[in-house]
Trainee: 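Below is one structure. I have some questions about it.
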Amino acid sequence: MQPGEEIESLVGELEQIVSEGKTPFTGGAGKKIVDAQEIYEILDEIRRVFPQEFSDARRIVKEEAETLERAQMQADAIVADAQQQAMILAGDQEVVRLAQQQADDIRDKAAQYERDTRYNAEEYADTVLSHLEDNLKSISNSVSRVRQTLNENSGPRNQTNNVPW
């Protein structure tokens, strides 16, 4: 029998005894004559069954509480595991984000280094070419002065090819 069914059955027997009881001849409105011994036997049986029913009910309540506690522990473990997985994923995403940021920084620095190197190379080439140009101008001026000096110091030129060297 399920818990409580035996008590329910005994209470049903009590109801039946009362309903089958005889109505007294005088002042019988709502009163019945019943066999007291039968009622006492059922009450004794109820008293005997009650402790067992209570202990069964307590056991069931305790089992349900333990089941709920185990379920709560499992749920807590699942939530903790999910949180840990989420933190790992978030950490992985953070690592990827930081790596991407570092790669972008390196790319930016390389591009800046390239621009700086190109600018410095162009500046150096311009300086060398400017210096070369100045030297060439100076040499050209020197050549022009030497020619002019030669022209001034030498007499008329001999038109013949008999120039002694």
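Note that the structure is predicted; figures quoted are calculated from it, not measured.
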Trainee: Which pairs, with at least one residue in residues 110-122 and sequence neighbours excluded, count as a salt bridge (Lys or Arg N to Asp or Glu O under 4.0 Å)?
Mentor: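 Of all non-adjacent pairs touching residues 110-122, those that pass salt bridge (Lys or Arg N to Asp or Glu O under 4.0 Å) are Glu114-Arg118.
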
Trainee: Just so I know, are the side chains of Thr23 and Lys32 near enough to count as touching, which here means a heavy-atom distance under 4.5 Å?
Mentor: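 Result yes, sub-4.5 Å side-chain heavy-atom pair found.
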
Trainee: So do the side chains of Lys137 and Ser140 get within less than 4.5 Å of each other, counting heavy atoms only?
Mentor: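 Not touching, per the 4.5 Å side-chain cut-off.
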
Trainee: Give the intermediate values and the outcome of side chain to side chain donor-acceptor pair (under 3.5 Å) for residues Asp105 and Gln101.
Mentor: CA-CA 6 Å; Asp105 289 347; Gln101 183 179 359; 4.7 Å; no

Trainee: Look up atom CD1 in Ile46 and atom CD in Glu8, then write down how far apart they are to the nearest 0.5 Å.
Mentor: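 Reported value, rounded in 0.5 Å steps: 11.5 Å.
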
Trainee: To the nearest 0.5 Å, what is the distance between NZ on Lys109 and CD1 on Ile106?
Mentor: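 One gets 7.5 Å once the value is rounded to the nearest 0.5 Å.
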
Trainee: Holding to side chain to side chain contact (heavy atoms under 4.5 Å, CB included), I want the full list of residues that pass it with Glu45, two or more places apart in sequence or in another chain.
Mentor: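 In terms of side chain to side chain contact (heavy atoms under 4.5 Å, CB included), with neighbours along the sequence ignored, Glu45 is linked to Glu6, Leu10, Arg48, Val49.
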
Trainee: To the nearest 0.5 Å, how far apart are CG in Leu129 and CG in Leu136?
Mentor: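 CG of Leu136 is found 10.0 Å from CG of Leu129.
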
Trainee: Hey, could you give me the CD/CZ distance between Glu152 and Arg147, rounded to the nearest 0.5 Å?
Mentor: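 It comes to 12.5 Å.
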
Trainee: Test Glu64 against Ile60 for side-chain contact (heavy atoms from CB on, under 4.5 Å), laying out the working first.
Mentor: CA-CA 6 Å; Glu64 287 177 354; Ile60 290 169; 3.7 Å; yes

Trainee: Any side-chain hydrogen bond (donor to acceptor under 3.5 Å, both in side chains) pairs touching residues 82-93, not counting sequence neighbours?
Mentor: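 Sorted pair list comes back empty.
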
Trainee: Measuring only between side-chain heavy atoms, which start at C-beta, is Glu94 closer than 4.5 Å to Leu98?
Mentor: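 Yes, their side chains come closer than 4.5 Å.
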
Trainee: What is the distance from atom CD of Gln100 to atom CZ of Arg107, rounded to the nearest 0.5 Å?
Mentor: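 Result: 6.5 Å between the selected atoms.
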
Trainee: Could you see if Val11 belongs to whatever hydrophobic cluster contains Ile39? Use Ile, Leu, Val, Met, Phe, Trp, Tyr and a side-chain cutoff under 4.5 Å.
Mentor: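 Val11 clusters together with Ile39.
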
Trainee: Can you tell me how far CD of Gln74 sits from CD of Gln72, rounded to the nearest 0.5 angstrom?
Mentor: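 One finds 10.5 Å between CD of Gln72 and CD of Gln74.
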
Trainee: In the structure I gave you, are the side-chain heavy atoms of Ser9 and Glu13 within less than 4.5 Å of one another anywhere?
Mentor: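 Counting from C-beta outward, Ser9 and Glu13 do come under 4.5 Å.
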
Trainee: Hey, does Thr67 have a side-chain heavy atom less than 4.5 Å from the side chain of Arg70?
Mentor: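 Answer yes - side chains close enough.
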
Trainee: Run through Asp126, Thr127, Val128 and flag the one making a side chain to side chain contact (heavy atoms under 4.5 Å, CB included) with Tyr124.
Mentor: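 It is Val128, the one option of Asp126, Thr127, Val128 that forms the side chain to side chain contact (heavy atoms under 4.5 Å, CB included) with Tyr124.
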
Trainee: If you define the side chain from C-beta out and look only at heavy atoms, does anything of Ile17 sit under 4.5 Å from Ile42?
Mentor: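 Yes; the side chains approach each other to less than 4.5 Å.
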
